[in-house]
Amino acid sequence: MNTNVTMEKLVALAKSRGFVFPGSDIYGGLANSWDYGPLGVELKKNIVDAWWKRFVSSRRDMVGIDAALVMNPKVWEASGHVATFTDPLVECKTCHERYRADQIDLNAACQKCGNKGTFTDPAAFNMMLKTWLGPKEDASAVAYFRPETAQAMFVDFPQVLQSSRKRVPFGIAQVGKAFRNEITPGNFIFRTREFNLMEFEYFIHPSEWEKWFEYWLEEMKAWLRFLGVKDDELVFHEIEDGERAHYSKRTVDIEYYYPFGLKELYGLAYRTDFDLKLHMESSGKDLRYTDPQTNEKYLPHVIEPAFGVDRSVLVTLLSAYHEEEAPTSEEGETDKRVVLKLPKALAPFKIAVLPLSKKDELAVVAGPLADRLRQRWATDYDETQSIGKRYRRQDEIGTPYCVTVDFDTLTDQAVTVRDRDTMKQDRVKIDDLEVYFSERLAG
Ligand code: GAP
């Protein structure tokens, strides 16, 4: 488990380096709303792209969709979300602070005003974010922002099946925004009212659900290793009968030791044919699948791996964060350095080109070199401050390699390449850099 890092340190780094900062900041912000900055958007995109490649485009049994955020409200009535997508809400009778009843001790004092025994009885609070479509704000115009991406995969099932000609077992994947009117958002990007999801519905013959459940659990573990998460940072929590979501017959929550406690990161659920059956009944459309070999006609069952994008970003940063003593001089003096040991494939910049000084004779070599490398790898260019400070800055944003152009470069046509993790330096001919980096970086 990474004991170096606290949320205060991570949030400060994320803000100062432009990974994630408070949204609408110049207007005083909006509670629990966060914006991804220039580095955060690259990190998030690298995670989503790697996920898509791994789970969708590199597999013959997977296809993707990108559905509308607002669907026909009948979808949410049929799926049970309008009736049952609720959290238990209690309110302090003294200060009116609201809490999720399952997240606090109802016999303890209110965390805000300190009064004891003042909570209302829990009431079911629906988390669907409502809106109205069109100019009339009446019941006939009510619509909902999707609280999960999954329903589109069920509703679009016949069209995907017909157009892609896939055979069971196969999956439909989607990445996109979801909205939940959370009672208690918080802990940075861990719980927000607007978030990003990557999930897929894997359609199977019901007799094979156990095999596929285990298969996807192992694939999720492998994905987490790819993000740099260590096994001892995780707990696989089998959710008991009675505590699972209304649609699930088996759920494993993958939990992570965040600095604020052990909490959910991802979920894996066996949704049976719950959703297809309800949509078939509700829409009157036949959603059954006919096996071309056996002619068996049946509703496929579903295994659903669900991955929060923002929680993926959060645990990738938390797991990568390191503080360590590092040399500052050849005489053996050391200083503390903060380094994000991000997997190279996820780092926002792969390379930083750093001319030793701002002198023109170095810039004329370093500038075009950075432009050349940028054609293949995300490359930063930085010429201000001492070289030591610039190395530290690149360490803090997780750049795997720094390329220093110095005065010797002008005669030997070589540069110094510094490795983020080992801090080892290699002297490499400029003409050999593409080969050098191809062996160490993808792309
Ligand atoms: N389709 C299944 C589904 O939506 P879920 O467990 O409710 O399942 C899936 O959500 C994932 O979405 C969670 O495991 C978590 O990673 C992420 N998630 C859920 N609520 C979130 C929130 N309010 N803010 C950020 N991420 C959230």
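Every number for a ligand or one of its atoms is a count from 1 in the order of the listing.
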* Asked: Can you list the atoms of ligand 1 that are under 4.0 Å from a heavy atom of Ala306?
  -> 9 (C)
* Structure fact -> For Tyr266, the atoms of ligand 1 under 4.0 Å from one of its heavy atoms are 14 (O)
* Between Tyr266 and Tyr256, is the ring centre distance below 6.0 Å? -> no
* Flag Gly308 as yes when one of its N or O atoms lies below 3.5 Å from any N or O atom of ligand 1, and as no otherwise. => yes
* Out of Val315, Leu265, Leu268, whose heavy atom sits nearest atom 16 (O) of ligand 1? -> Leu265
* Structure fact -> Near Glu148 (heavy-atom distance under 4.0 Å), the atoms of ligand 1 are 1 (N), 2 (C), 3 (C), 4 (O)
* Asked: Tyr247 ring centre to Arg271 NZ or CZ under 6.0 Å, with the angle to the axis within 45°?
  -> yes
* Should Glu199 be counted as touching ligand 1, given the test is an N or O pair under 3.5 Å? -> yes
* To do: Find all atoms of ligand 1 within a distance of less than 4.0 Å from any non-hydrogen atom belonging to Glu304, and give their numbers and elements.
  => 1 (N), 2 (C)
* Report yes or no: is the cationic atom of Arg311 (NZ for Lys, CZ for Arg) closer than 6.0 Å to the six-membered ring centre of Phe307, at no more than 45° off its axis? => no
* Asked: Is there a donor-acceptor contact under 3.5 Å linking the side chains of Tyr401 and Trp377?
  -> no
* Numbering the atoms of ligand 1 from 1, which are under 4.0 Å from a heavy atom of Glu182? -> 20 (N), 22 (C), 23 (N)
* To do: Could you tell me whether Glu325 and Lys336 have a side-chain N and a carboxylate O separated by less than 4.0 Å?
  => no
* Assess Lys130 against Tyr144: is NZ or CZ under 6.0 Å from the centre of the six-membered ring, and within 45 degrees of the ring's axis? => no
* Hey, are Asp253 and Thr251 close enough side-chain-wise for a donor-acceptor pair under 3.5 Å? -> no
* For Gly267, atoms of ligand 1 separated by under 4.0 Å from a heavy atom -> 14 (O)
* To do: Please write down residue, atom name and distance for the protein heavy atom closest to atom 13 (C) of ligand 1.
  => Glu264 OE2, 3.2 Å
* Is a salt bridge present between Lys389 and Asp382, judged by a nitrogen-to-oxygen distance below 4.0 Å? -> no
* Structure fact -> Ranked by distance from atom 18 (N) of ligand 1, the top protein heavy atom is Phe195 CE1, 3.5 Å
* Among Leu197, Thr251, Ile189, Thr149, closest by any non-hydrogen atom to atom 9 (C) of ligand 1 -> Leu197
* Looking only at protein heavy atoms, which one is nearest to atom 24 (N) of ligand 1, and how far off is it? -> Thr192 N, 3.1 Å
* Check the side chains of Thr184 and Gln103 for a donor-acceptor pair under 3.5 angstrom, ignoring hydrogens and angles. => yes
* Asked: Considering only heavy atoms, which of Arg271, Arg180, Gln174 lies nearest to atom 3 (C) of ligand 1?
  -> Arg180
* Got the closest protein heavy atom to atom 25 (C) of ligand 1, with its distance? -> Phe190 O, 3.1 Å
* Do any heavy atoms of Tyr247 fall under 4.0 Å from ligand 1? -> yes
* Aromatic centroids of Phe188 and Phe190 separated by under 6.0 Å -> no
* To do: May I ask you to check whether Phe203 and Phe170 place their ring centres under 6.0 Å from each other?
  => yes
* Asked: What about Arg191: any of its N or O atoms under 3.5 Å from an N or O on ligand 1?
  -> no
* Asked: Taking heavy atoms and a distance under 4.0 Å, where does Phe85 meet ligand 1: side chain, backbone, both or neither?
  -> neither
